[in-house]
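Only one structure is covered here, and it is reproduced in the block below.
Every chain is numbered from 1, with letters handed out A, B, ... down the list of sequences.
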Amino acid sequence: MPSDPHAELTTAQRLAVEHIDGPLLILAGPGSGKTRVVTHRIAHLVHQGIAPHQIVALTFTNKAADEMRDRATALLGPIDGLQLSTFHRFCARMLRQHAPLLGLTENFTIYDTDDSLRMLRHVLEKQGISSNTFSPRQIAAEISRAKNDLIGATQYCSPHGMPLATAVAEVYPLYQQQLLAAAAVDFDDLLLHVATLLSEHPEIRAELDARYRYVLVDEYQDTNMAQYAILRALSHDHPNLAATGDPDQSIFGWRGANVGNILRFEEDFPNVRVVRLEQNYRSTKAILRTADHLIRHNQLRKHKKLFTHNPEGNPVQLMHYADGRDEADSIALSILEEIKSEQRKASDFAIFYRINALSRSIEFALREHGIPYQLIKGLEFFQRKEVKDVIAYLQLISNPRDDVALLRIINTPRRGIGKKTLTTLINHARLQSLPLLESARQAGLIESIAKATATRVARFVAMYDRFVQEATGSLEELMGLVISVSGYHGNLVDSELEEDQQRLANIEELLTLARQFDQQHPEGGALDQFLQEIALVGDTDDWEEETERVTLMTLHAAKGLEFPIVFLVACEEGLLPHERTRTDADALEEERRLLFVGITRAEQELRLSLARRRDFRGQRMLTIPSQFLLQLPCDEMVQQESFALGGAAFEADHAIEKGEDDQQDPTPQPTNSITADSIQTATEMISTASDPPQTAVSQVDVNQFRVGMRVTHPKYGLGKVAALGGPESARTATIHFATAGVRKFRLKESPLRPVGAKP
DNA sequence: CGTAATGAAATTTTT
DNA sequence: TTTCATTACG
């Protein structure tokens, strides 16, 4: 993307940049220079004399916030007073100022998902409810969904007949109560509390609305209802909300994001100016056309005319492989070849997959060929057990009411304080309405606790008190003390396990972080700030752009990035539209967007692939090509079949002949008949031997089938209706399958289903 | 109280 | 196949 701050802006870009008052919606296609527009707009606002402290720009990730800050700074120099942060950070700050109004203390603790889950388990156990029917995870997910949808604990009611909702209706209020008692909030609360604050205190809302006169939001398509409510509240009297986003890149619906927010923007904010950024600066024409062709199949979207002045580029490739190993191996070989001929460097390549489990085979192949790679994994540093343990000590020091932290560390490392003692302490705490720490303090007074045990508990409390005494010094000092006095350090040092040495190293790293923090906060006493800081930092963002490595990541992780050459593997039913989305039309659209996002990451070359067989969950399965493949411009893509025969692989090229776009039969008979036969036979043999698991076959309306319609069959995969015949009661259909040739069915008893049914 | 053994389940993860 | 969670045992 162009980075020259003084580069010319297109008409559309200028419209957006120079817009000042009133709502603004920037529909930004992939690679359209969105960040550039946003940063230029900030600069423009400031140049127009608007005070930076009246501007707030919100992003979802720290990375995006940092990038935006860097680029805005490049235009304006350091900007004093400008609020530029993530939603969560922004809310945390606001919450701190108004904590008492929400029943919190100012030094509230932020629980990450692991902490919240512990809290939830704690509540479930204490109440002794529904532990069998639903997993804590399921319940946590439902609570999270509710919070994202702006439904508080008191408003949650269970629609009858939904057992999960019934369970949650019982647990949610208790969970929330416990959070408040612990002076803690979960991630969702950060938003929900602020939304509540703004709706229940009109005077505060009005004040903040006036203060944050210009609000900019990035990735608006990813906002949930809580964020939406906050934005609305801040844009009531001064509706200068500028939203940037792209409905086609909404891939976090399952996390509560609501595409409806961006689709509704024009109704929500009258007199809105809508700017479409449709010019793409990233990809070749071939790649962009492929992406556009696919995404047109979505209903929930706003049409954009994507175009680019970039070169045509090589055709997009679609590779068929015999199995996952073959796929991984071929990709590794291609990469190796290009690196060796010095046409490309390793960092030019990225490999995307739908689920992490698919990385394994690829990693293996890359390692085998000595290709350096980096894996972008979701959970990182701050999720590690040892790091969380040490942080829990700090959390408890900062917030003595933090029961989750106490439960985590009271017996870590082992102090002989076991489950029984803990239960007693918990009961005592509940009876006396005390935090667990206070309950522990009184352990000696509780009869049912043995003397020896009580002494152990007392020793823990004494240690804690000592930590609190020392908490005034530097963070590094305190952390060092915690690690050594608690025995955590000693335990690891004594261990000879490789794993424990790694843990030790991680703790060292944590100490380094503390040291750095101390340097930035020379006044000391920065414990609260430190905890807040690390709670809102996901992983350490240790993806190195510079490093000479092939990048492996999930499609979700790929959003916002770009690479010269992209491989997108396992375009197979059940994996790319993931099996769990089969029944839900909206979720299916999201899967399509996911592929769209993946495709549009590619700058120069794109290679999609699928395997005929895939080893998955220890089982060898026959695959069905992704239905999305039929929604690509297959006619202009290069398809290549590669199949291993007795260890030796040979490849057969054939470009697919072109006809009438969508009406064209996308599955012409392969030119190589021997090949086709052998595949078919093999497919049949294996599929009759062991049928892949299928959802129950239900009756379908035979009248919904039309000639030309795309259908899917559990055994034969994707196909198209070539002809219909017979009376309605015994209607037959002739189907041309993508990989299994021509077959005839009696529709009534067939498991054939239309694909992408909407007109 | 801590560990070994068994069995069910199995995306995606900005904070 | 791997991973987790619950349970049974030492």
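At the heavy-atom level, A:Asn411 lies under 4.0 Å from the strands shown only through sugar-phosphate atoms. Residue contacts shown for A:Lys420 are limited to sugar-phosphate atoms, with no base heavy atom under 4.0 Å away. Here A:Asp222 lies in heavy-atom contact (under 4.0 Å) with a base. Counting any heavy atom pair closer than 4.0 Å across all strands shown, A:Leu58 reaches no nucleic acid atom. A:Arg415 comes within contact range of no nucleotide atom at all, as no heavy-atom separation falls under 4.0 Å. A:Thr421 comes within 4.0 angstrom of sugar-phosphate atoms only, judged by non-hydrogen atoms across all strands, and of no base. Using a 4.0 Å heavy-atom cutoff across all strands shown, A:Arg354 reaches at least one base atom of the nucleic acid.
Among the nucleotides C:dT2, B:dT15, B:dT12, the one closest to any side-chain atom of A:Phe187 is B:dT15. Relative to the side chain of A:His578, the nucleotides B:dT11, B:dT15, B:dT13 differ in distance, and B:dT11 lies closest. Closest to the A:Ala257 side chain, of the nucleotides B:dT14, B:dT12, C:dA5, is B:dT14. Candidate nucleotides B:dT14, B:dT3, B:dC1 were compared by shortest atom distance to the side chain of A:Arg414, and B:dT3 ranks first. For A:Arg580, the listed nucleotide lying nearest its side chain is B:dA10; candidates were B:dT14, B:dT13, B:dA10.
In this pair, A:Phe60 and A:Phe87 present their aromatic rings tilted. The plane angle is within the 30 to 60° band.
Residue side chain A:Arg255 reaches the base of B:dT13 through a donor-acceptor N/O pair under 3.5 Å, judged by distance alone.
Under the 4.0 Å criterion applied to side-chain N and carboxylate O atoms, A:Glu579 and A:Arg617 are assigned as salt-bridge partners.
A:His556 does not qualify as a stacking partner of the B:dT12 base, lacking a centre-to-centre distance under 5.5 Å together with planes within 30°. Both geometric conditions, a ring-centre gap below 5.5 Å and a plane tilt below 30°, are fulfilled for A:Trp254 over the base of B:dT12.
Side-chain polar atoms of A:Asp189 and A:Gln176 form a donor-acceptor pair below 3.5 angstrom.
Not one N or O on the side chain of A:Arg503 forms a donor-acceptor pair closer than 3.5 Å with the backbone of A:Glu386.
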